[in-house]
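The next block holds one structure in the form of structure tokens; read it before the comments.
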2 protein chains.
Amino acid sequence: MVDHKALASDAALNLVFAALSDPVRRQLLSRLDGEAFLVKELAAPFDISLQAVSKHIQVLVKAGLVRQERTGRVSRCRLDAGPMHEAALWVNRYSKYWQDQFDTLALFLGDIDKPKARRKPRRKS
Amino acid sequence: MVDHKALASDAALNLVFAALSDPVRRQLLSRLDGEAFLVKELAAPFDISLQAVSKHIQVLVKAGLVRQERTGRVSRCRLDAGPMHEAALWVNRYSKYWQDQFDTLALFLGDIDKPKARRKPRRKS
DNA sequence: CTCTCGATCAACCATTTGATTGACTGTCAA
DNA sequence: TTGACAGTCAATCAAATGGTTGATCGAGAG
């Protein structure tokens with residue numbers, strides 16, 4: 001659940017959030033949700049060069065959000081939402097909306113075992 | 001899939017995700033969760049200059065994640081998680097884990113009306 | 001074989017970013 | 001009034017970013 005036991009490494013979150021901070025890359029991820037695409041297909045809607053899109057994809061690959069599988073001369077790109085999950089873990093701690101959803105869900109699942117681990121466990125200094 | 005509402009403006013997401021891509025700023029937000037701090041207090045744990053921290057805070061302010069309230073010579077900073085919620089909305093679309101959780105929740109909410117006292121056996125909202 | 005095409009590599013350039021130091025504004029206290 | 005202190009502003013700098021163009025590599029197609 002939200003017990004953030006394995007707090008994603010800072011370096012990983014740096015890369016993921018940085019990758020998400022560009023609208024072109026977010027659009028690429030949107031397209032890749034569910035379907036795989038070639039680089040040229042991904043580049044088509046954009047007004048920038050193919051090389052620029054290729055570099056954007058490399059950024060996503062480095063962040064672990066996209067996996068590339070080269071067969072022949074083409075390179076099929078597919079989404080890997082794993083690292084996105086780490087980012088979601090981090091960000092959802094601050095989103096009261098989702099927090100409430102979690103609580104309600106936990107209630108339904110009878111998982112009221114959890115003490116007040118709702119908010120972050122950090123204690124003030 | 002789950003097309004939530006219209007996505008937040010690209011520009012806003014750019015700023016939020018970019019703000020979150022720096023570990024210093026993420027740490028600042030962590031400290032500010034629940035409690036308000038002065039700039040100097042926020043800067044204390046870091047090994048960088050007060051000016052650098054001040055600039056980081058400005059980045060957070062520009063992203064709408066922090067509000068600053070200057071009284072006298074001090075500047076009290078408090079968290080505003082609103083924009084974080086937009087980021088969470090975006091990111092959670094890709095997190096199969098949460099997706100499944102919420103689907104389960106929706107299932108519960110759909111079948112059994114509501115917790116506490118189930119007054120009506122079945123009612124869709 | 002040659003030619004084209006998908007994709008990356010390699011320079012290069014302008015802008016942004018994260019940090020520094022030094023000067024400055026203001027407020028509170030002595 | 002003097003001075004310490006919180007905080008920002010300003011100039012500077014190195015490194016990272018996002019884009020370009022041109023060259024290159026590697027399959028397929030003719």
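So that the names make sense, note that chain A is the first sequence line, chain B the second, and so on, each numbered from 1.
- In this structure, Val59(B) is not a member of the same hydrophobic cluster as Phe17(A), with clusters built from ILVMFWY side-chain heavy atoms closer than 4.5 Å.
- Side chains of Asn14(A) and Asp22(B): a donor-acceptor N/O pair is absent below 3.5 angstrom, by distance only.
- Two residues, Asp47(A) and Gly72(A), neighbour DNA chain D, and the one matched to the more 5' nucleotide by heavy-atom proximity is Asp47(A).
- The nucleotide range of DNA chain C contacted by chain A, defined by atoms under 4.0 angstrom from heavy atoms of the protein and reported 5' to 3', is dT4(C) to dC9(C).
- The 12-atom threshold is not exceeded at CZ of Arg67(A), counting heavy atoms of other residues, nucleotides or ligands nearer than 6.0 Å.
- Scanning all heavy atoms of the two residues, the minimum distance from His56(A) to Arg25(A) falls at ND1-NH1, 3.2 Å.
- Residues Leu28(B) and Phe46(B) are in side-chain contact: their nearest non-hydrogen atoms beyond the backbone lie under 4.5 Å apart.
- In terms of phosphate contacts, His56(A) brings a side-chain nitrogen or oxygen within less than 4.0 Å of OP1 or OP2 of dG19(D).
- Cluster membership check: Leu15(A) does not share its hydrophobic cluster with Val91(B), using side-chain heavy-atom separations under 4.5 Å among Ile, Leu, Val, Met, Phe, Trp and Tyr.
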*Starting at the 5' end of nucleotides 4-11 of chain D, put B wherever the base has a protein heavy atom under 4.0 Å, S where only the sugar-phosphate does, and a dash everywhere else.*
BBSBBB--
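- Ile57(B) is not listed as a side-chain neighbour of Phe37(B), based on a closest heavy-atom distance of 4.5 Å or more.
- Not one N or O on the side chain of Arg26(A) forms a donor-acceptor pair closer than 3.5 Å with the backbone of Ala19(A).
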